[in-house]
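A short write-up of the structure that comes next.
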Amino acid sequence: MAGDTKDFGAAHPVGGDDEPHIKAIDEGVVGDTDIEEARRSDGKTPNLQAEDYDIKRVEKVYRKLDMRIIPAFWLLYFLCSAIRSNIGIAQTMNKDVGHDLLTVLGLTPKDASTTLALFYVSYVLFDLPSNLIMTKVGPREWMARIVFAVGVIGSCFAAVQSAWSVKLLRFLLGVVTAGLWPGMAYYLTLFYPPSRTGKRIGMYFTASQVSAAVVGLVSAGFQKMDGRGGLVGFRWMFLIYGMLGVVLGVVLLWWLPDRPLAPGEKRVRSRWLKWLPRSPEALTGEDALVHYHDLKRVYHARPWNMRDLWYVLIDWRLWPLMLMYFGVVGVGIGTQLYGNRIIESIDQTFTGVQVSLLFAPIWMMDFCAILLVTPISDRFHNHRALFFSAAVCIQIAGLLTVTFALSNQWARYGGLLMIGFGLGPTVPICMTWTNEIFQRRHREVGVAAASALVSGLGNLGSITTTYALYGGWPEDAVKGPHQYRKSNFAMIGILCLSIASSVVMTVLLKIFGNKPSHKIAGGDSSDSADEFQDGAAQRETKQRGFEGMWWNKSRSAA
């Protein structure tokens with residue numbers, strides 16, 4: 001494996017005069033024995049160079065990180081997605097007996113659209129501040145805070161009695177959820193090279209699809225609980241999901257690791273956070289040293305200031321990425337919140353339980369597409385736009401089928417399955433491309449700010465589909481085979497915008513490139529270039545392609 005030719009001692013001396021903040025070896029990260037085993041024969045500096053570790057050894061470290069981080073992320077994203085989206089399925093739960101959300105609270109279709117959209121209004125406003133706070137407070141603590149608060153607000157939905165209360169809670173839910181999705185993307189870049197985050201983002205993004213399917217399936221059970229304890233079915237659903245979120249938020253403090261430290265560096269905790277439990281380090285011993293050499297940029301991140309943030313905000317690369325995200329997340333949220341109503345419009349004879357059961361397979365198609373496409377997009381990371389655009393084209397084909405296949409209700413339902421399949425890889429690919437571009441260009445603050453802005457401003461697409469479409473247009477309220485046709489056309493239009501933006505981004509990067517910015521604090525041409533010559537950066541100047549896949553391994557063995 002190609003790597004940094006500087007040894008560990010030269011790059012980060014343990015206890016050296018130029019590192020006064022390092023007091024001692026942090027117990028559990030790298031002990032004295034580990035350092036001694038790595039020393040040269042002259043006893044002065046460690047002899048661990050990046051090139052000493054082959055790719056199999058490095059991959060073993062990343063697999064170990066996967067086992068620690070990805071399951072926790074999957075679970076927290078599953079619950080937060082369920083709490084965010086279960087209000088959509090609540091609109092059809094027990095509708096036949098008048099116990100659905102709209103009837104119980106006396107909501108008009110316009111009230112419902114406003115309620116759904118308010119979440120994204122506050123989410124857009126608070127996404128960037130939340131992610132920037134995360135870089136200062138610490139990702140583990142802030143992530144646990146988000147999940148805990150989402151659980152508290154989610155359980156409060158069980159007590160809503162009127163239109164104003166459910167609108168207020170949706171707005172507050174957006175406030176406390178802000179920073180979760182971009183924060184997870186930022187968190188990954190503390191442990192993985194950005195070009196390898198696509199598969200990982202895809203892994204835990206499947207939780208959103210599974211939660212959408214589970215919310216649909218489990219809602220059938222909650223509908224059977226209707227009336228028990230004096231609560232209608234959707235109130236039981238809100239309460240149970242919310243309480244599970246509260247419990248998980250507490251557990252995450254004991255499980256999620258803090259950002260990694262260079263071997264020999266002692267973790268210093270803020271006096272404001274000393275009361276929180278400590279979490280075991282993600283890597284120890286030689287694993288920590290291997291990771292250090294492969295991803296040095298994470299260990300030597302510079303503190304950022306407002307000038308650094310300003311340069312991120314005015315970087316033109318933000319806008320094509322934001323428009324890409326705008327289209328696909330708008331269609332995704334529109335499908336997630338209104339898919340059950342679209343199914344209802346396909347066949348008016350479907351019962352609430354049948355709608356719930358038919359809603360789930362859309363997200364299983366989404367799930368399959370994520371697992372299939374995102375790992376391949378990492379191996380061909382120079383072609384993110386191609387993978388993104390191909391998936392968007394499948395969504396467009398699905399929307400056209402839903403709109404025009406009027407004579408066959410199952411063909412129209414098949415169109416919804418196509419939309420689900422096309423949606424799967426688009427959001428992970430967009431976030432991964434943002435990580436790749438902005439970590440190289442603006443370092444850590446670039447990832448934190450850009451992921452929040454792309455996610456936050458891109459969610460204006462969610463406001464569009466939840467407020468202006470699917471009930472927001474008078475034409476869409478007319479029952480019949482042409483219901484939602486204009487909303488479908490609008491979604492096709494914003495998907496075309498996403499494809500055009502990905503093409504523009506590709507062309508502009510070819511013309512202007514993506515070199516590290518020399519305007520960031522303390523940056524100059526040599527400094528910016530050297531920072532990215534860690535093992536991962538040198539290795540990934542070339543695409544992996546299908547190298548190392550099982551058929552290549554068997555051929556080599558033969």
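Throughout, residue positions are numbered sequentially from 1 according to the sequence presented.
The two residues Arg84 and Ser208 come nearest to each other via the heavy atoms NH2-OG, 4.0 Å. The minimum heavy-atom distance linking Phe191 with Pro257 is given by the pair CZ-CG, 4.1 Å. Minimum heavy-atom separation, Gly330 to Met491: O-SD, 4.4 Å. For the pair Met431 and Pro182, the tightest heavy-atom approach, listed with the atom from each and the gap, is CE-CA, 4.2 Å. Closest heavy-atom contact between Thr426 and Ala391: CG2-CB, 3.6 Å. Closest heavy-atom contact between Cys80 and Leu180: CB-CD2, 3.6 Å.
Here the side chain of Ser455 pairs no donor or acceptor atom with the backbone of Ala452 at under 3.5 angstrom. Looking at Arg379, its side chain never comes within 3.5 Å of a backbone N or O of Pro375 through a donor-acceptor pair. Judged purely by atom type and a 3.5 angstrom limit, Ser498 uses its side chain to pair as donor or acceptor with the backbone of Met324. Here the side chain of Ser130 pairs a donor or acceptor atom with the backbone of Ala178 at under 3.5 angstrom. Of the possible polar contacts, one joining the Asn305 side chain to the Asp308 backbone as a donor-acceptor pair under 3.5 Å is found. A donor-acceptor pair is defined here as one N or O able to donate and one able to accept, closer than 3.5 Å; no such pair exists between the side chain of Trp304 and the backbone of Arg443. Panel note: side chain Arg170, backbone Leu118; no donor-acceptor pair is recorded below 3.5 Å.
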*Would Arg317 and Arg441 satisfy side-chain contact (heavy atoms from CB on, under 4.5 Å), going step by step from the backbone distance to the final call?*
CA-CA 10 Å; Arg317 294 161 182 82; Arg441 180 92 182 142; 3.4 Å; yes
*Decide yes or no on side-chain contact (heavy atoms from CB on, under 4.5 Å) for Cys393 and Ile499, but give the supporting numbers first.*
CA-CA 8 Å; Cys393 287; Ile499 293 176; 3.8 Å; yes
*asked:* For a ring-ring contact (aromatic ring centres under 6.0 Å, His included) check, start with the C-alpha distance between Tyr187 and Phe73, then their side-chain angles and the critical distance, and finish with the verdict.
replied: CA-CA 10 Å; Tyr187 186 98; Phe73 269 24; 5.0 Å; yes
*Residue pair Asp287, Arg57: steps toward the salt bridge (Lys or Arg N to Asp or Glu O under 4.0 Å) verdict*: CA-CA 9 Å; Asp287 288 336; Arg57 183 67 182 89; 2.6 Å; yes
*asked:* Let's go through Lys56 and Lys60 carefully: what are the C-alpha distance in whole Å and the side-chain angles of both, what is the deciding distance for side-chain contact (heavy atoms from CB on, under 4.5 Å) to 0.1 Å, and is it a yes or a no?
replied: CA-CA 6 Å; Lys56 291 182 180 179; Lys60 183 178 179 181; over 6 Å; no
*Could you please spell out the steps behind the side-chain contact (heavy atoms from CB on, under 4.5 Å) verdict for Thr506 and Leu386?*
CA-CA 10 Å; Thr506 302; Leu386 179 61; over 6 Å; no
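Rounded to the nearest 0.5 Å, atoms CD1 (Ile70) and CE (Met184) are 8.0 Å apart. With rounding to the nearest 0.5 Å, the separation of CG in Leu190 from OH in Tyr299 is 10.0 Å. Annotation: the span from Arg259 atom CZ to Thr189 atom OG1 amounts to 8.5 Å, rounded to 0.5 Å. Residue Leu248 holds its CG atom at 5.0 Å from CG of Leu75, rounded to the nearest 0.5 Å. Taking CD1 of Ile429 as the reference point, atom OG1 of Thr434 lies at 11.5 Å (rounded to 0.5 Å). Taken from CD1 in Ile370 to CE in Met365, the straight-line distance is 12.0 Å, to the nearest 0.5 Å.
Residue pairs meeting the salt bridge (charged side-chain N to carboxylate O under 4.0 Å, His left out) criterion with at least one partner in residues 124-153, sequence neighbours excluded, are Arg140-Asp258. Residue pairs that meet the ring-ring contact (aromatic ring centres under 6.0 Å, His included) test with at least one member in residues 417-439, sequence neighbours left out, are Phe438-His442.
Inter-residue side-chain proximity for Val160 and Leu169 is flagged as met; some heavy-atom pair is nearer than 4.5 Å. Counting only heavy atoms from C-beta outward, the side chains of Leu416 and Phe359 never approach each other to under 4.5 Å. Counting only heavy atoms from C-beta outward, the side chains of Ile87 and Val166 approach each other to under 4.5 Å. The shortest side-chain heavy-atom distance between Pro425 and Phe388 does not fall under the 4.5 Å cut-off. A heavy-atom distance below 4.5 Å is found between the side chains of Trp319 and Leu457. Side-chain contact check for Val176 versus Phe148: every heavy-atom pair is 4.5 Å or farther apart. Side-chain contact between Leu172 and Ser122: absent, with no pair of heavy atoms (C-beta onward) separated by less than 4.5 Å. In this structure, Arg297 and Leu295 have side chains that are in contact, with non-hydrogen atoms separated by less than 4.5 Å.
At a cut-off of 3.5 Å, with distance as the only test, a side-chain donor of Asn131 or Ser451 sits close to an acceptor on the other residue. Ser389 and Ser502 are linked by a side-chain donor-acceptor pair at a separation below 3.5 angstrom, with hydrogens and angles left out of the test.
Taking the six-membered ring where the residue is Trp, Phe380 and Phe387 present tilted rings, their angle falling between 30° and 60°. Ring-plane geometry between Phe157 and Phe238 is classed as tilted, the angle between the planes lying from 30 to 60 degrees on a 0 to 90 degree scale.
Taking the salt bridge (Lys or Arg N to Asp or Glu O under 4.0 Å) definition, one finds that Arg384 meets it with Asp378, Glu436, sequence neighbours left out.
Aromatic pair Trp363/Phe367: ring centres not closer than 6.0 Å. Note: Tyr192 and Tyr62 meet the aromatic proximity criterion, with ring centroids under 6.0 Å apart.
A cation-pi contact, defined as under 6.0 Å to the ring centre and within 45° of the axis, is absent between Arg278 and Trp254.
When the options Tyr186, Phe205, Tyr123 are evaluated for a ring pair (Phe, Tyr, Trp, His ring centres under 6.0 Å) with Trp181, the one that passes is Phe205. A side-chain contact (heavy atoms from CB on, under 4.5 Å) with Leu188 holds for exactly one of Ile69, Val447, Leu65; it is Ile69.
Open room surrounds NZ on Lys199; 12 or fewer heavy atoms of other groups in view lie less than 6.0 Å from it.
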